[in-house]
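Heads up, the thing below is written out as structure tokens.
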Amino acid sequence: MTHTAKRFLITGVSSGLGRAFAAAALDAGHTVVGTVRKQADAEAFAALHPERAHARVLDVTDDEAVFAVVGEVEKAVGPIDVLIANAGYGLEGTFEETSLADLRAQFDVNVFGAAATVQAVLPFMRRRRRGHILAVTSMGGLAGFPGVSAYCGSKYALEGILEAVGKEVAAFGIHVTAVEPGSFRTDWAGRSMIRAPRSVPDYDGLFEPLRAARQQASGRQLGDPARAAAAVLHILGIPNPPAHLVLGSDALRVIRAGRDAVDSDLNTWEDLARSTDFPQEDDTSA
């Protein structure tokens, strides 16, 4: 390895952005340990490079397995310099039509799977006083969309964890970045999407056009996964990487609109917000 080469652990590298991140890192001369769910995918990933591509079969919802894999990688491959917690999936459906079991499963992968991976690498990075933790959230983690409430909820939760963790570990030389992609040409709306059964006709007028538009846009999204990977690699080489990395012009537009809506509420209801404080004594006469 050269002095600039790093060791990556990337979850969910069988396809989509995870595969793009891994391929770009390998092309740049880095070593990548990628996790997948199936042995066939592990063999395909390891074949990307005879020496620097290492695959591990892992279910990120198995906490013990996550910690065991991270410990084994640290010993067998070497210190993990960069974690990209990418494994996740989308759950489509209105909130009322989404079962609580499906909601829990969504959080189990998108939130707790990522959280376990971050917790597993932190002790090693903290002792070394260096490292970069990234996790893939979504533009839906900063702006909610109808029809994917469970997905947005999971990404909002992950955003909050990452922002707080970043402040906890900054003194240890560890950077934390939430990666917020817009719509990219991956299979997120295909095999990576689970769809809750429809049961309430009242939502037809709202939901069916959203589903149709999402399916029609599949394969024609603005986002290029290879360019997203290049952007991620770019921030790994700068002294002060962002806490939030938004990817895609659509994500910029959606997130800014969401932020503007929050600012509007803050401004409109500022007096009411301030009215809930205890009255402050006027000490100007002293």
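Because only heavy atoms are used, hydrogens play no part in the values below, and waters and symmetry mates are left out as well, while side chains stay in.
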Do [X] and [Y] come close enough that some side-chain heavy atom pair is under 4.5 Å?
X      : Y      : result
Arg56  : Val77  : yes
Leu17  : Phe184 : yes
Tyr151 : Ile194 : no
Leu58  : Val36  : no
Val70  : Val73  : no
Val32  : Phe45  : yes
Glu163 : His244 : yes
Phe8   : Ile80  : no

Using the rule that Ile, Leu, Val, Met, Phe, Trp and Tyr join whenever any side-chain heavy atoms are under 4.5 Å apart, tell me whether [X] and [Y] fall into a single cluster.
X      : Y      : answer
Ile84  : Ile235 : yes
Leu100 : Val109 : yes
Ile238 : Leu233 : yes
Phe172 : Val176 : yes
Phe67  : Val60  : no

Heavy-atom pair of closest approach, residues [X] and [Y]:
X      : Y      : result
Pro181 : Ala251 : C-CB, 4.2 Å
Pro225 : Ala20  : O-CB, 3.6 Å
Lys155 : Val136 : NZ-O, 3.0 Å
Gly140 : Ser138 : N-OG, 2.8 Å
Leu210 : Pro146 : CD1-O, 3.6 Å
Leu158 : Asn110 : CD2-O, 3.6 Å

Exam field: side chain [X] to backbone [Y], donor-acceptor pair closer than 3.5 Å:
X      : Y      : value
Thr276 : Ala273 : yes
Asp250 : Ser183 : yes
Asp102 : Thr98  : no
Tyr156 : Ala143 : yes
Glu92  : Gly90  : no
Arg7   : Val82  : no
Asp41  : Ser14  : no
Arg52  : His30  : yes
Tyr89  : Gln106 : yes
Ser264 : Ala261 : no

Could you measure the distance from the [atom1] atom of [X] to the [atom2] atom of [Y]? Nearest 0.5 Å is fine.
X      : Y      : atom1 : atom2 : result
Leu134 : Leu236 : CG    : CG    : 6.0 Å
Cys152 : Phe95  : SG    : CZ    : 12.0 Å
His49  : Asp27  : NE2   : CG    : 9.0 Å
Phe207 : Glu96  : CZ    : CD    : 13.0 Å
Leu83  : Thr11  : CG    : OG1   : 7.0 Å
Thr117 : Asp63  : OG1   : CG    : 9.0 Å

| query | Can you check salt bridge (charged side-chain N to carboxylate O under 4.0 Å, His left out) on Arg126 and Glu168, steps first, answer last? | reply | CA-CA 11 Å; Arg126 176 173 48 77; Glu168 292 174 353; over 6 Å; no
How about [X] and [Y]: does a side-chain donor come under 3.5 Å of a side-chain acceptor?
X      : Y      : result
Thr137 : Glu159 : yes
Tyr203 : Glu97  : no
His54  : Thr31  : no

| task | List the steps, then state whether side-chain contact (heavy atoms from CB on, under 4.5 Å) holds for Leu122 with Ile133. | result | CA-CA 9 Å; Leu122 268 178; Ile133 292 170; 3.7 Å; yes
| Test: Asp81 and Arg128 ion pair at under 4.0 Å |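 Between Arg128 and Asp81 there is no salt bridge, as every charged N stays at least 4.0 Å from the carboxylate O atoms.
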| Between Lys38 and Glu43, does at least one N-O distance fall below 4.0 Å, as a salt bridge requires? |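 Looking at Lys38 and Glu43, the cut-off is not met.
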More than 12 foreign heavy atoms under 6.0 Å from [atom1] of [X]: is that the case here?
X      : atom1 : result
Arg198 : CZ    : yes
Gln39  : CD    : yes
Asp271 : CG    : no

| task | Would you sort out whether Glu180 and Leu247 count as a side-chain contact (heavy atoms from CB on, under 4.5 Å), showing the intermediate values? | result | CA-CA 6 Å; Glu180 295 115 355; Leu247 300 177; over 6 Å; no
| Checking side-chain hydrogen bond (donor to acceptor under 3.5 Å, both in side chains) for the pair Thr177/His132: CA distance, chi angles, key distance, verdict? | CA-CA 8 Å; Thr177 300; His132 198 154; 2.9 Å; yes
| request: Please step through side-chain contact (heavy atoms from CB on, under 4.5 Å) for the pair Leu142 and Arg259, ending with a clear verdict. | output: CA-CA 8 Å; Leu142 293 174; Arg259 295 286 170 165; 3.0 Å; yes
| field | side-chain contact (heavy atoms from CB on, under 4.5 Å) between Arg130 and Ile174, intermediate numbers included | value | CA-CA 5 Å; Arg130 70 176 190 273; Ile174 302 171; over 6 Å; no
| query | Looking at Phe124, does the NZ or CZ of Arg127 lie under 6.0 angstrom from its six-membered ring centre and within 45 degrees of the ring axis? | reply |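 Arg127 over Phe124 ring: yes.
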